[in-house]
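Read through the structure below, which is laid out as structure tokens, and then see the notes.
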Amino acid sequence: MEEFGLLRDLLAVFIVAGAVVYLLHKLRVPAVVGLLLAGVVVGPHGLKVIHDIHSVELLAEIGVVVLLFTVGLEFSLSWLAKMWHTMLSVGLPQVLLCVGVVTLATSWYLGSWGSGIFAGMLVAMSSTAVVLKVLIDRGELPTPQGRVGVTVLLFQDLMVMVFMLTLPLLAARDVGGENIWFGLLKGLGSMITVLVATRFVIPQVLYHVVRTRNRELFLIHIVAVCLGTATLTAASGLSLALGAFLAGLALSDSEYAQQTLSEVLPFRDTLSSLFFISVGMLLDLGFVAGHLPLVSLTVLGIILLKLLAVSGPMLVAGYPLRICLLAGLALAQIGEFSFVLASRGSAIGLMGAEDTQTFLAAAVITMALTPAFIALGPRWTEQLPDLGLWGERAREQNELPELAALDLHVIICGYGLNGRNIAKTLREVEIPYVVLEMNPITVREQRKAGEPIMFGDCGRDSVLEHAGI
């Protein structure tokens with residue numbers, strides 16, 4: 001009956017996850033927390049329901065790949081080009097501050113500078129999967145803190161390649177790795193290959209596939225593109241998710257982007273749920289109870305450091321204090337790629353067994369706290385002044401546009417997937433439009449940033465009245 005082992009494990013995972021998420025939903029607790037808790041329950045440190053943990057983790061990793069692929073589809077290469085300034089002004093200082101502070105704070109405890117730098121690398125990473133999941137569920141991805149957060153997360157994912165290649169140097173011994181410069185060039189070459197192929201080659205292939213009008217054939221090719229690009233970047237020393245993100249980013253400007261996104265979305269939500277469950281399996285409640293002061297101090301230190309490391313550079317860059325703190329709260333956790341680094345570092349002697357357990361416990365706890373931070377952040381920062389470091393508004397226009405100034409325009413009700421698609425099309429044909437956003441969270445954040453196309457706090461009757469219906 002071994003062939004049914006994985007199916008039995010998946011059945012148990014989804015039954016427990018469904019029950020836990022449902023109960024926590026009644027208590028208004030985000031689904032991510034429920035999935036993490038379900039992982040604790042079914043994992044090796046809980047009821048030990050799961051037997052084939054490796055297979056579940058593999059499916060979870062595929063879930064992160066699909067998640068990043070869909071996120072790439074919702075952005076574009078032109079957006080990425082505009083974000084380089086944010087990467088250098090916010091992402092780079094954030095990584096350097098985390099690595100530097102943690103190195104100074106832990107080198108004496110861990111026993112060497114190499115181990116201290118390695119610990120700093122682990123702390124510098126934030127969770128792309130958790131942050132994007134929560135922002136997407138709350139409709140806050142288009143907000144100012146959402147856009148900055150995604151940019152910083154992308155920069156961190158790019159830094160994973162550098163961190164992985166420098167681990168042998170930190171270990172001060174040969175671990176069978178290749179030349180660091182050759183590895184960097186190989187990684188850069190794979191990124192360029194992915195971008196060129198998905199920008200120029202894949203659309204031509206999809207053109208012939210679409211002409212067959214066979215939905216199954218189209219979906220097969222999309223899955224092949226997603227997993228193929230992820231495999232290519234992973235083979236060159238980069239992360240699986242980074243390759244999938246780059247593929248989605250390159251395809252976002254093609255005419256098949258929206259169809260691709262609609263086909264992949266159901267797989268994204270199901271498989272990404274497995275990732276959060278697999279993370280929960282790592283948490284050993286017995287270890288946490290036995291080392292509660294150490295774990296608590298580590299969690300508190302990580303949250304405060306990452307809050308300051310993100311909000312500080314943003315404040316210097318001219319963002320309002322409120323947006324800086326919201327972005328800092330969103331990124332105040334350990335990332336999934338840190339687990340990959342921790343596994344590699346432990347294998348080459350950069351971190352002991354007890355230190356690894358402390359890190360894992362702190363990582364899972366900070367991930368579990370992230371939905372609460374994102375949800376409560378707007379309330380905590382509501383009264384803060386909308387001023388940047390230099391005493392000026394970070395955006396020239398802070399008020400909503402006057403409706404009377406618009407004429408012969410389109411009204412888009414809601415700014416979800418379909419709303420963004422319509423807005424993108426209207427921009428391309430230069431037709432003016434306004435967006436009536438019913439999500440009060442998104443409205444409030446867009447108003448704070450002075451987004452000219454967003455207005456809110458209106459009901460259905462207001463829309464119909466303005467449209468003359």
Side-chain angles (χ1 to χ4, degrees), residues 83-105 120-128 130-132 134-135 138 140-159 298-335 338 362-363 365-367 369-395 398 441-442 444-451:
M83 291 296 102
W84 276 110
H85 175 72
T86 304
M87 287 186 180
L88 296 178
S89 61
V90 180
L92 181 60
Q94 180 265 326
V95 171
L96 293 178
L97 283 171
C98 287
V99 173
V101 172
V102 174
T103 299
L104 294 176
M121 292 177 178
L122 299 181
V123 174
M125 299 288 104
S126 298
S127 177
T128 303
V130 172
V131 175
L132 290 182
V134 177
L135 292 180
R138 293 174 55 83
E140 295 188 46
L141 200 59
T143 60
Q145 68 270 19
R147 291 196 295 265
V148 173
V150 171
T151 304
V152 174
L153 289 169
L154 176 58
F155 180 81
Q156 292 175 355
D157 293 346
L158 293 173
M159 289 300 295
T298 303
V299 169
L300 180 61
I302 290 172
I303 292 173
L304 292 177
L305 173 59
K306 301 207 74 171
L307 174 63
L308 296 175
V310 173
S311 58
M314 285 184 64
L315 195 62
V316 173
Y319 285 88
L321 176 61
R322 184 170 181 274
I323 300 300
C324 297
L325 293 177
L326 290 176
L329 288 170
L331 300 181
Q333 78 286 128
I334 299 296
S338 295
I365 292 173
T366 54
M367 282 184 172
L369 292 175
T370 298
F373 287 159
I374 295 178
L376 297 176
R379 186 181 306 172
W380 292 341
T381 60
E382 188 68 38
Q383 303 303 320
L384 291 177
D386 197 27
L387 299 177
L389 181 63
W390 317 115
E392 301 176 353
R393 294 191 182 277
R395 301 290 185 269
N398 192 50
I441 300 171
T442 305
R444 183 164 56 247
E445 301 313 321
Q446 295 288 356
R447 291 187 66 171
K448 285 290 184 179
E451 291 287 350

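Here the CG atom belonging to Leu135 is positioned 12.0 Å from the CZ atom belonging to Arg147, to the nearest 0.5 angstrom. To the nearest 0.5 Å, atom CD of residue Gln94 and atom CG of residue Leu308 are 11.5 Å apart. A distance of 11.0 Å separates CG of Leu305 from CD1 of Ile303, quoted to the nearest 0.5 Å. Atom CG of Leu132 is separated from atom OG of Ser127 by 8.5 Å, given to the nearest 0.5 angstrom.
In this structure, the side-chain contact (heavy atoms from CB on, under 4.5 Å) partners of Leu97, at least two apart in sequence or on a different chain, are Ala309, Pro313. Under the side-chain hydrogen bond (donor to acceptor under 3.5 Å, both in side chains) criterion, Thr128 pairs with Asp157, not counting sequence neighbours. For Ser89, the side-chain contact (heavy atoms from CB on, under 4.5 Å) partners two or more places apart in sequence, or in a different chain, are His85, Ala317. Remark: Leu122 pairs with Phe118, Ser338, Leu341, Ala342, Met351, Phe359 by the side-chain contact (heavy atoms from CB on, under 4.5 Å) rule, at least two apart or across chains. Every residue meeting the side-chain contact (heavy atoms from CB on, under 4.5 Å) condition with Ile365, not counting sequence neighbours, appears here in chain and number order: Val295, Val299, Leu369.
Panel note: side chain Lys306, backbone Ala330; no donor-acceptor pair is recorded below 3.5 Å. Between the Thr366 side chain and the Ile334 main chain, a donor and an acceptor come within less than 3.5 Å of each other. Without hydrogens or angle criteria, Gln156 side chain to Val95 main chain gives no donor-acceptor distance under 3.5 Å.
Using a 4.5 Å heavy-atom cutoff, the side chains of Gln145 and Met314 are not in contact. Side-chain contact between Leu315 and Leu321: present, with at least one pair of heavy atoms (C-beta onward) separated by less than 4.5 Å. For the pair Trp380 and Leu329, the minimum side-chain heavy-atom distance is below 4.5 Å. Here the side chains of Thr151 and Val90 are not in contact, with every heavy-atom distance at 4.5 Å or above. Side chains of Phe373 and Val134 form no contact here, defined as non-hydrogen atoms less than 4.5 Å apart.
Counting all heavy atoms, side chain and backbone alike, Gly328 lies closest to Leu307 at C-CD1, 3.7 Å. In terms of heavy atoms, Tyr319 sits closest to Thr86 at OH-OG1, 3.9 Å. Contact detail for Gly335 and Met367: the closest heavy-atom pair is C-CE, 3.9 Å.
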